[in-house]
There are 2 protein chains.
Amino acid sequence: MTNGGRAQQKEQTRRTLIREARRLFATLGYGAVGLSEIVGAAGVTKGALYHHFDGKAALFRAVLEEVQQQVARTVAAAGDARDDPWEQFTAGCRAFLTAATDPDVQRIMLVDGPAVLGWNEWRALDEAASARHLAEALTTLIEEGVIARQPVEPLTRLLSGAMNEAALWLAGSEDPGALAGVWAPLSQMLEALRVR
Amino acid sequence: MTNGGRAQQKEQTRRTLIREARRLFATLGYGAVGLSEIVGAAGVTKGALYHHFDGKAALFRAVLEEVQQQVARTVAAAGDARDDPWEQFTAGCRAFLTAATDPDVQRIMLVDGPAVLGWNEWRALDEAASARHLAEALTTLIEEGVIARQPVEPLTRLLSGAMNEAALWLAGSEDPGALAGVWAPLSQMLEALRVR
DNA sequence: TCCTTCACATACCGTTGGTATGTGAAGGTA
DNA sequence: TACCTTCACATACCAACGGTATGTGAAGGA
């Protein structure tokens, strides 16, 4: 029972490692999870881990990439479902808020991510995964004259920061109406960008 | 040469530990700094450290408190220098942006803080030190009818998140005009809160 | 003068991330 | 089929870390 070629097995091991690491990082946090815990859960040894990744931080990086891409897909899908550029934009923002409320995303993407990788590398990943979409949406809105012509990057940072923090706060809040509570002032601030 | 009573010496040792720890945490980051490095720089041993603090995280917590209070004082001072509530508010926001650009503040308060202490404890400290001022300012603005009556907490979170991220971005940017570049859209969004 | 207190120093431990080396099955070649 | 190379892991080990248990000597009251 060969159960697939060597390359398939390799990929399977890699994915198992990422999956178990993601689960543990999300529930316990990067610092509280040992490599032994990860490899134990994955049913392999540290040798396998170091064969696939350069170390603990590199494994975390792979996990973070997966999480960010998952969020980005959700957001992009929500945006693509609309036709009007402005509605694409706002729908994407709302989708991000709900997507980032997931505890996995919380801990890995917003809490440990910047601390483990540093803001520079974190931003590079965030840029590639989701902030780029935000910046593109804003650029489109500027091109179409929906919002005033202005530098995109500072605006992207402000909105990204506001929504990250909002998502973090949402996750900690037990009030089911919290999403609406944040969305009200956020949409108000978004509306402020529209040319009148 | 007794050089002060025992209590004075104790306080001195404690302050030295906090000072050196702050310097090292700020430059290298929490994870990359060992206790041996800290006590070495402070000219004491681990025994002294564990006599004053419950551990590495507790020492970091003390450092973070100091940093946050320093920022809060700067912000409060900028606000108190104005008379008009709205100007107090905006001046405080601008002061926060510049204060949080300091690298010490960056790394300790915005990057490592949440990851080391967790968001709950971090928020509690942030609440006590600076977010409370922001919430109070917003409450005052609502009372005086400058901005619309609405729940304060979500609004506080959005603004706090936006400004934290903006400060982080400012620190990484070499453009000297970056502050103005962020302030423009931020003040635009703040203006959106005012009742017309 | 003595004794207690306490602010630290010293010595030690378990665990961790990381590395160096071993091993056995997969898969090509003759 | 026999052989050999490759490589995906396992095993064994290490230095360094955070943390703890215990020692010590000066300060300060009685």
Side-chain angles (χ1 to χ4, degrees), chain A residues 1-22 24-25 27-64 108 112-113 115-118 121, chain B residues 1-22 24-25 27-64 108 112-113 115-118 121:
Chain A
M1 183 168 176
T2 48
N3 199 7
R6 250 201 315 199
Q8 273 189 27
Q9 272 295 4
K10 179 178 182 180
E11 190 57 24
Q12 171 114 4
T13 301
R14 183 188 155 91
R15 300 216 309 166
T16 304
L17 276 168
I18 291 184
R19 174 165 39 86
E20 293 304 310
R22 170 171 175 169
L24 289 165
F25 284 153
T27 50
L28 304 172
Y30 179 83
V33 174
L35 290 186
S36 53
E37 229 169 328
I38 298 174
V39 296
V44 293
T45 64
K46 281 204 292 183
L49 195 157
Y50 275 89
H51 181 73
H52 284 282
F53 304 96
D54 279 344
K56 191 186 179 186
L59 172 58
F60 178 82
R61 196 194 133 103
V63 169
L64 174 58
I108 294 171
D112 285 334
V116 174
L117 302 179
E121 197 173 349
Chain B
M1 183 168 175
T2 49
N3 199 6
R6 253 204 308 199
Q8 274 189 25
Q9 271 296 3
K10 178 178 181 179
E11 190 57 24
Q12 171 111 8
T13 300
R14 184 188 154 90
R15 300 217 308 166
T16 304
L17 275 169
I18 291 183
R19 175 165 39 85
E20 293 304 311
R22 171 171 174 168
L24 288 165
F25 284 152
T27 49
L28 303 172
Y30 180 82
V33 174
L35 291 187
S36 53
E37 229 171 327
I38 298 174
V39 297
V44 293
T45 64
K46 280 203 291 185
L49 196 156
Y50 275 89
H51 181 72
H52 284 281
F53 304 95
D54 279 343
K56 191 187 180 185
L59 172 58
F60 178 82
R61 198 193 132 102
V63 169
L64 174 58
I108 294 171
D112 286 333
V116 174
L117 301 179
E121 198 175 347

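Atom CZ in B:Phe53 sits roughly 14 Å away from atom P in D:dG19 (whole-Å rounding). If you take NZ of A:Lys10 and P of C:dA26, they are 17 Å apart, rounded to a whole angstrom. Straight-line distance from the CD atom of A:Gln8 to the P atom of D:dC9: 13 Å, rounded to whole Å. Remark: C1' of D:dT6 and CD of A:Gln9 are 17 Å apart, rounded to the nearest angstrom. Atoms CG (A:Leu49) and P (C:dA20) sit 16 Å apart, rounded to a whole Å.
Scanning both residues, B:Phe53 and B:Ala62, for their nearest heavy atoms gives CE2-CB, 3.7 Å.
For B:Tyr50, the side chain to side chain contact (heavy atoms under 4.5 Å, CB included) partners are B:Leu35, not counting sequence neighbours. Residues passing the side chain to side chain contact (heavy atoms under 4.5 Å, CB included) test with B:Thr16 are B:Gln12, B:Arg19, B:Glu20, B:Ala42, sequence neighbours excluded. By the side-chain hydrogen bond (donor to acceptor under 3.5 Å, both in side chains) test, A:Arg22 pairs with A:Glu66, A:Gln70, sequence neighbours left out. Partners of B:Phe60 according to the ring-ring contact (aromatic ring centres under 6.0 Å, His included) rule, which considers only residues two or more places apart in sequence or in another chain, are B:Phe25, B:Tyr30. In this structure B:Glu121 satisfies the salt bridge (charged side-chain N to carboxylate O under 4.0 Å, His left out) test together with B:Arg61, sequence neighbours excluded.
Between D:dA8 and A:His51, a contact under 4.0 Å exists linking OP1 or OP2 to a side-chain N or O. Residue B:His52 places at least one side-chain N or O closer than 4.0 Å to OP1 or OP2 of C:dC8.
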Could you list the protein-to-nucleotides 10-17 of chain C atom pairs, N/O on both sides, closer than 3.5 Å?
from, atom 1, to, atom 2, distance (Å)
C:dG17, OP1, A:Val33, O, 3.3
C:dG17, OP1, A:Lys56, NZ, 3.0
C:dG17, OP2, A:Leu35, N, 2.7
C:dG17, N7, A:Lys46, NZ, 3.4

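Relative to the side chain of B:Val44, the nucleotides D:dC7, C:dA7, C:dA9 differ in distance, and C:dA9 lies closest.
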